[in-house]
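Take a look at the structure set out below.
Worth knowing before you read on, the calculation uses all heavy atoms, side chains too, and leaves out hydrogens, waters and symmetry mates.
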Amino acid sequence: MKFRIKLNSITIRLILLSLSIILLSSFTQIFLLSSYLRRDITKLTSAQLLTIANYVANNIDRDILERRELLKNIAKQFPQSLLHNEKELRQWLGERHEINPLFSKGLAVIDLSGVILADYPQLPSHIGISFKDRDYFQKAIKGEYAMGRPVLGRVSKMPVLPMAAPLFDSNEKVYAIIVGISSLRSSNFMKDLYITRVGNKGGLVLVSPHDKLVISASDLDMTLQPTPDKGIHQQHDRAVEGFRGVGIDVNAGGVEELAAIASIPSTGWFLVARMPTEEVFAPIRYLRLFIIKSMAILIPLFCLLMVIGLRYQLIPLRKAAKHAEKMSQGKIPFEPLPLIRNDEVGHLTAAFNGVLSKLLDSRAEISKLAITDKLTGLFNRVKIDEVLTKEILKSQKYKNKFSIILADIDNFKCINDTYGHLTGDKILVDVAKIIASRTRKTDLVGRWGGEEFIVICLETDIDDAAYIAKDIRIKIESYIFDTVGSVTLSLGITTYKIMDNIDTLISRADSALYAAKRSGKNKVMVC
């Protein structure tokens with residue numbers, strides 16, 4: 001008996017109809033899911049890139065401002081009587097450098113002819129070299145603070161950033177220039193530019209539009225390279241014109257990228273956090289491939305079971321599609337699709353749930369990263385500024401009291417220099433845990449920066465805050481740290497006063513902290 005396929009058979013027609021429905025439904029699902037996921041992934045990744053760009057840009061801006069203020073303060077304190085005493089002048093520069101070694105390549109004083117009078121650390125190769133042609137010298141000699149163009153150091157042959165400040169005599173005339181040099185690859189300057197990861201193939205790029213120069217980047221080969229000419233990279237052209245945000249464009253190398261741009265206000269530079277769209281949309285490609293593979297399994301099965309269960313088989317798929325569509329339209333919150341049966345439809349649903357779960361986890365992780373210090377797990381500056389702003393407004397309206405404690409690890413640079421940065425990081429983590437354990441549930445503990453921590457004591461006057469600070473100091477002093485042994489803290493305390501803002505409040509606590517440092521360290525001071 002020969003088996004004949006009759007096209008007018010109801011079975012064949014149902015099978016063909018079933019196949020058509022399955023194929024149409026599957027490809028429609030692929031299209032819709034790809035569209036929705038592409039939009040959501042783009043939005044989610046854009047927010048992540050912008051958060052990273054703003055975070056690193058803020059840190060770079062802070063680094064620049066710290067060095068600018070340090071150089072101006074050194075210029076104000078400069079004793080003119082040392083100008084022609086090279087030995088004492090170098091010793092004076094050395095003392096300032098040891099107190100606050102922000103300029104990793106040291107300090108130098110240059111006379112009006114552009115020749116170095118003294119430098120620290122001393123570099124014999126500087127003898128006889130004129131810096132009169134440098135842009136920062138030309139600007140500083142006119143009586144202005146100047147930040148020079150990033151260049152390859154003449155002696156070190158490393159990328160450096162020079163800063164200069166004029167030295168004024170009693171008649172407000174410039175008689176010399178003081179210069180601070182920072183290596184672009186030092187551990188205390190712009191380090192986030194090199195340690196921050198952006199996906200697998202992405203990275204960060206720091207650009208000076210005025211100099212048409214790539215200052216530095218995650219890819220070190222780009223350091224001090226010229227920027228693309230106008231018209232080659234549209235996204236770069238927009239950034240030069242002032243655009244700040246996120247966009248997709250093809251870069252000068254022909255690679256399509258999703259890029260977030262953030263400003264560095266103190267310099268006129270901008271920072272780009274970029275990631276190839278091939279990597280951004282990889283989950284969509286995997287999802288499409290998974291659906292196609294699932295179709296190859298589902299179609300034969302549906303052909304065999306169509307007559308006795310076509311409608312029954314399609315019920316879970318329809319429910320899943322409707323559920324996913326409602327989520328994508330915002331009618332219901334994002335949540336895992338219900339698993340009705342453990343079959344191919346169930347596998348497809350589980351795969352979608354897996355992708356959805358990763359997206360939701362990524363969103364939660366980004367929210368956490370935005371307010372949390374990665375190393376210590378404490379709140380970061382973003383969260384601290386937010387809480388301080390709210391508490392100041394509450395205090396102004398309801399006359400609430402609150403105090404802050406600034407704590408700084410004594411001799412932390414020596415720990416890093418002696419035992420290495422990994423040990424230093426372990427000390428930071430342990431100190432953070434101890435501080436958090438000695439505060440109350442109502443207090444907010446954060447990392448203020450470097451080896452500094454902050455405690456915001458809500459509904460707390462200066463006496464109670466001092467009690468908490470002393471308890472923290474004693475606990476740290478008595479704790480035996482791995483490798484290092486004993487570590488101490490210096491703490492400064494202040495409380496909110498009428499008309500205070502964040503800057504004045506922090507400034508008082510900072511003054512108390514430095515008073516504790518000056519009085520011998522391992523102390524608690526109140527301001």
Side-chain angles (χ1 to χ4, degrees), residues 57-83 88-112 114 116-121 131-132 134-151 160-184 186 188-190 208 210 215 263-269 406 408 413 448-450 452 501-504 506-511 513-515 517-518:
N58 287 338
N59 284 350
I60 292 175
D61 191 59
R62 182 198 65 206
D63 288 347
I64 295 294
L65 291 175
E66 284 180 348
R67 283 157 178 77
R68 182 176 70 184
E69 291 306 311
L70 175 61
L71 197 62
K72 288 183 177 180
N73 288 335
I74 293 175
K76 290 179 182 178
Q77 301 168 6
F78 187 84
Q80 188 175 354
S81 60
L82 299 181
L83 192 64
E88 291 186 9
L89 178 55
R90 180 173 293 109
Q91 182 180 354
W92 189 88
L93 292 174
E95 291 172 353
R96 300 305 176 278
H97 186 269
E98 294 300 326
I99 291 173
N100 199 350
L102 292 181
F103 295 101
S104 58
K105 291 300 180 181
L107 298 166
V109 177
I110 304 176
D111 65 17
L112 298 184
I116 290 181
L117 298 176
D119 58 354
Y120 184 89
F131 292 84
K132 190 173 184 179
R134 291 302 195 187
D135 55 345
Y136 58 85
F137 178 88
Q138 295 296 328
K139 187 174 181 180
I141 204 173
K142 297 177 182 178
E144 302 175 8
Y145 162 81
M147 183 173 70
R149 174 188 174 97
V151 294
V160 296
L161 179 67
M163 297 181 183
L167 300 177
F168 296 100
D169 61 20
S170 58
N171 296 321
E172 293 301 311
K173 291 185 178 181
V174 179
Y175 64 87
I177 307 298
I178 187 164
V179 179
I181 306 295
S182 296
S183 171
L184 293 179
S186 62
N188 67 345
F189 187 47
M190 299 196 299
S208 172
H210 174 74
I215 298 172
S263 292
I264 300 171
S266 63
T267 62
W269 301 343
L406 275 183
D408 185 90
K413 182 181 183 299
W448 187 243
E452 280 191 310
N501 55 37
I502 293 178
D503 292 338
T504 58
I506 294 296
S507 178
R508 282 204 310 280
D510 204 40
S511 297
L513 172 61
Y514 278 96
K517 291 283 189 182
R518 289 192 298 271

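Expressed to the nearest 0.5 Å, how far CG of Leu89 lies from OG of Ser81 amounts to 9.5 Å. A distance of 10.0 Å separates OG of Ser263 from CG of Asn58, quoted to the nearest 0.5 Å. One distance of note links CG of Asn100 with CD of Glu69; it measures 12.0 Å at 0.5 Å rounding. A distance of 7.0 Å separates CD1 of Ile264 from CD1 of Ile215, quoted to the nearest 0.5 Å. Within the model, atoms CH2 of Trp448 and CD1 of Ile506 stand 4.0 Å from one another, a figure rounded to the nearest 0.5 Å. Note that CG of Leu82 and CG of Leu117 are 11.5 Å apart. Values are rounded to the nearest 0.5 Å.
Leu102 places none of its side-chain heavy atoms less than 4.5 Å from the side chain of Leu71. Using a 4.5 Å heavy-atom threshold, the side chains of Asp169 and Gln80 count as touching. Here the side chains of Asp408 and Leu406 are not in contact, with every heavy-atom distance at 4.5 Å or above. The shortest distance between side-chain heavy atoms of Leu70 and Phe103 falls below 4.5 Å. Between Ile141 and Lys132, the closest side-chain pair of non-hydrogen atoms is not below 4.5 Å. Residues Asp119 and Arg90 form a side-chain contact, since some pair of their non-hydrogen atoms from C-beta on lies under 4.5 Å apart. Residues Arg134 and Val151 have side chains in contact (heavy-atom distance under 4.5 Å, counting atoms from C-beta outward).
Considering all non-hydrogen atoms of both residues, Leu107 and Gly180 come closest at CD2-CA, 3.8 Å. Residues Leu161 and Leu184 share a closest heavy-atom pair of CB-CD2, 3.9 Å. Nearest approach of Pro166 to Gly143, heavy atoms of both residues: CG-C, 3.5 Å. The minimum heavy-atom distance linking Ala140 with Ala164 is given by the pair CB-CB, 3.9 Å. Minimum interatomic distance between Met190 and Asp63 (heavy atoms only, all atoms of both residues): N-OD2, 2.9 Å. Across all their heavy atoms, Ser182 and Arg67 have their closest contact at OG-NE, 3.3 Å.
Asp111 places a side-chain N or O within donor-acceptor distance of the main-chain N or O of Gly114, the cut-off being under 3.5 Å. Not one N or O on the side chain of Asn171 forms a donor-acceptor pair closer than 3.5 Å with the backbone of Lys173. Looking at Asp61, its side chain never comes within 3.5 Å of a backbone N or O of Ala57 through a donor-acceptor pair. One N or O on the side chain of Ser104 and one on the backbone of Ser183 form a donor-acceptor pair closer than 3.5 Å. A donor-acceptor pair is defined here as one N or O able to donate and one able to accept, closer than 3.5 Å; no such pair exists between the side chain of Asn188 and the backbone of Gly450.
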Practice problem: Please lay out, stage by stage, how Val179 and Ile116 fare under the test side chain to side chain contact (heavy atoms under 4.5 Å, CB included). | Solution: CA-CA 10 Å; Val179 179; Ile116 290 181; over 6 Å; no
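In this structure, Trp269 has no ring pair (Phe, Tyr, Trp, His ring centres under 6.0 Å) partners at least two apart in sequence or on a different chain. With sequence neighbours left out, the ring pair (Phe, Tyr, Trp, His ring centres under 6.0 Å) criterion links Tyr120 to His97.
The salt bridge (Lys or Arg N to Asp or Glu O under 4.0 Å) pairs that include a residue from residues 136-150 are Arg149-Asp211, where partners are two or more places apart or lie in different chains.
Classified by interplanar angle (parallel below 30°, tilted 30° to 60°, perpendicular above 60°), the ring pair Phe78/Trp92 is perpendicular.
Counting non-hydrogen atoms of other residues, nucleotides and ligands closer than 6.0 Å to NZ of Lys517 gives a total above 12. A 6.0 Å sphere centred on OH of Tyr514 holds no more than 12 heavy atoms belonging to other residues, nucleotides or ligands.
With 3.5 Å as the limit, one finds a donor-acceptor pair spanning the side chains of Asn501 and Thr504.
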